[in-house]
There are 2 protein chains.
Amino acid sequence: MSNAKVLPLVESDGQGVVPCCPPLTERPMTAEEAEAAARMFKALGDPVRLRLFSAVASHEGGEACVCDISDVGVSQPTVSHHLKKLKEAGLLTSERRGTWVYYRVEASVLAAMGQLLTLPAAA
Amino acid sequence: MSNAKVLPLVESDGQGVVPCCPPLTERPMTAEEAEAAARMFKALGDPVRLRLFSAVASHEGGEACVCDISDVGVSQPTVSHHLKKLKEAGLLTSERRGTWVYYRVEASVLAAMGQLLTLPAAA
DNA sequence: CATCTATGTTGACGTCCATCGATACACATG
DNA sequence: CATGTGTATCGATGGACGTCAACATAGATG
């Protein structure tokens, strides 16, 4: 139930594969591009999610068990909720190994978001 | 009434100036850093705002009059509302010239957001 | 000053969302 | 299989947010 549609970057949404991310400054985004990109930004638009994401991203080996990062001042269900949101946005992937669930950053998505914010080589 | 506190990047919020943006992957963000950064990401977390922002960013001379970009499928008050949000987030600045109001991107903020999403030089 | 256009503000409304406690599920271990 | 720990889901709740119509403000022009 979670096979296709991994990266919101390359939405195989309607008729084909749409690379969502020309730099924001290159041309006005279409409604569809904006929809896809906004999902990712929105996912990082919450302080708790940002801390969770950063905790995973900065953790040894690029991955972290939930137990390693859940000290962000909210309840355990809320942590789980936010991790799910980040996963749905394509920013994280998860894998269960025994008792623990490990989350890791989807580097390509992060890179693409960076591309989006790229500025033309101005002074 | 809009003099101090220009960049959410360098929040002169409480006791001093806090540069908000070590790469997300460098170390876990603090609550304060996350709060500041999340404001910016949240501002781009709406499709309409993203389109407006992109329209300004990609417009000739890096600035655009509201009338040039307000064709995003929502009412005029809504456009105004979103531009205000982008301005409050530090992503846009505005200037009135005669009848029209021109918005322009705050390049430094955009650059800092890009930094935030920087990945360590992995393969 | 009257009027027109461009933009911002206000107030209301419906929906989304972050949060929690309670509970369920997954795995390990005895 | 019983129990304990780690994680996810459910249902509820309060607040935030996107949207609009109506109105207000700013500048230009006659």
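Quick note: numbers below take in every heavy atom, side chains included, and nothing from hydrogens, waters or symmetry partners. This structure is a prediction, so every number in the text was calculated from the model and none was measured.
Residues from residues 41-51 of chain B lying near DNA chain D, meaning a heavy-atom separation below 4.0 Å, are B:Lys42, B:Asp46, B:Val48, B:Arg49 in numerical order. Residues from residues 61-77 of chain A lying near DNA chain C, meaning a heavy-atom separation below 4.0 Å, are A:Val74, A:Ser75, A:Pro77 in numerical order.
The structure places CG of A:Leu52 at 8.5 Å from CG of A:Leu92, a figure rounded to the nearest 0.5 Å.
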Check against side chain to side chain contact (heavy atoms under 4.5 Å, CB included), A:Val79 and A:Gln76:
CA-CA 5 Å; A:Val79 169; A:Gln76 176 269 322; 5.6 Å; no

Evaluate side chain to side chain contact (heavy atoms under 4.5 Å, CB included) for A:Ser94 paired with A:Tyr102, printing each intermediate quantity in order.
CA-CA 5 Å; A:Ser94 71; A:Tyr102 292 84; over 6 Å; no

A:Glu35 vs B:Arg51, test: salt bridge (charged side-chain N to carboxylate O under 4.0 Å, His left out). Steps then yes/no.
CA-CA 9 Å; A:Glu35 200 82 39; B:Arg51 289 186 73 191; over 6 Å; no

Trace of the side chain to side chain contact (heavy atoms under 4.5 Å, CB included) decision for B:Leu24 with A:Leu50:
CA-CA 9 Å; B:Leu24 270 171; A:Leu50 209 43; 4.1 Å; yes

Using the rule given for side chain to side chain contact (heavy atoms under 4.5 Å, CB included), can you reason through B:Asp46 versus B:Phe53, listing the C-alpha separation, both sets of side-chain angles and the distance that settles it, and then say yes or no?
CA-CA 10 Å; B:Asp46 178 271; B:Phe53 186 76; over 6 Å; no

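Shown here for A:Trp100 and A:Cys67, the closest heavy-atom pair between the two residues is CD1-SG, 3.7 Å. Minimum heavy-atom separation, A:Gly45 to B:Lys42: O-CE, 3.1 Å.
Within 4.0 Å (heavy atoms only), A:His82 reaches sugar-phosphate atoms of the nucleic acid but no base atom. Counting non-hydrogen atoms under 4.0 angstrom, B:Tyr102 reaches nothing in the nucleic acid.
Within the structure, every pair that satisfies the salt bridge (Lys or Arg N to Asp or Glu O under 4.0 Å) test and touches residues 60-70 of chain A, not counting sequence neighbours, is listed here: A:Glu63-A:Arg97, A:Glu63-A:Arg104. Residue pairs meeting the salt bridge (Lys or Arg N to Asp or Glu O under 4.0 Å) criterion with at least one partner in residues 73-84 of chain B, sequence neighbours excluded, are absent.
Here B:Gln115 pairs with B:Thr118 under the side-chain contact (heavy atoms from CB on, under 4.5 Å) rule; sequence neighbours left out. Remark: B:Thr99 engages no residue in a side-chain contact (heavy atoms from CB on, under 4.5 Å) (not counting sequence neighbours). With sequence neighbours left out, A:Lys85 forms a side-chain contact (heavy atoms from CB on, under 4.5 Å) with A:Arg49, A:His81, A:Glu88. For B:Ser75, the side chain to side chain donor-acceptor pair (under 3.5 Å) criterion is met by B:Thr78, not counting sequence neighbours. Partners of A:Ser80 by side chain to side chain donor-acceptor pair (under 3.5 Å), not counting sequence neighbours: none found.
End-to-end axis angle of the helix from C:dC1-D:dG30 to C:dG30-D:dC1, using five pairs per end and rounding to 10°, comes to 20°.
One atom, CZ of A:Arg96, and another, P of D:dG6, lie 12 Å apart when rounded to the nearest Å. Distance, B:His81 NE2 to D:dA21 P: 15 Å, rounded to whole Å. Computed from coordinates, the A:Leu52 CG to D:dA8 C1' distance equals 15 Å when rounded to whole Å. B:Arg39 places its CZ atom 11 Å from the P atom of D:dC17, with the value rounded to the nearest Å. Between the NZ atom of A:Lys84 and the C1' atom of D:dT9 there is a distance of 7 Å, given to the nearest Å. Separating the NZ atom of B:Lys85 from the C1' atom of D:dT19 is a distance of 12 Å, rounded to the nearest angstrom.
Between A:Lys87 and A:Glu106, no side-chain nitrogen of the basic residue sits less than 4.0 Å from a carboxylate oxygen of the acidic one, so the salt-bridge criterion is not met.
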Show each protein N/O and nucleotides 2-5 of chain D N/O combination with a separation under 3.5 Å, one pair to a line.
none

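The outermost nucleotides of DNA chain C lying under 4.0 Å from heavy atoms of chain B, listed 5' to 3', are C:dA6 to C:dT9.
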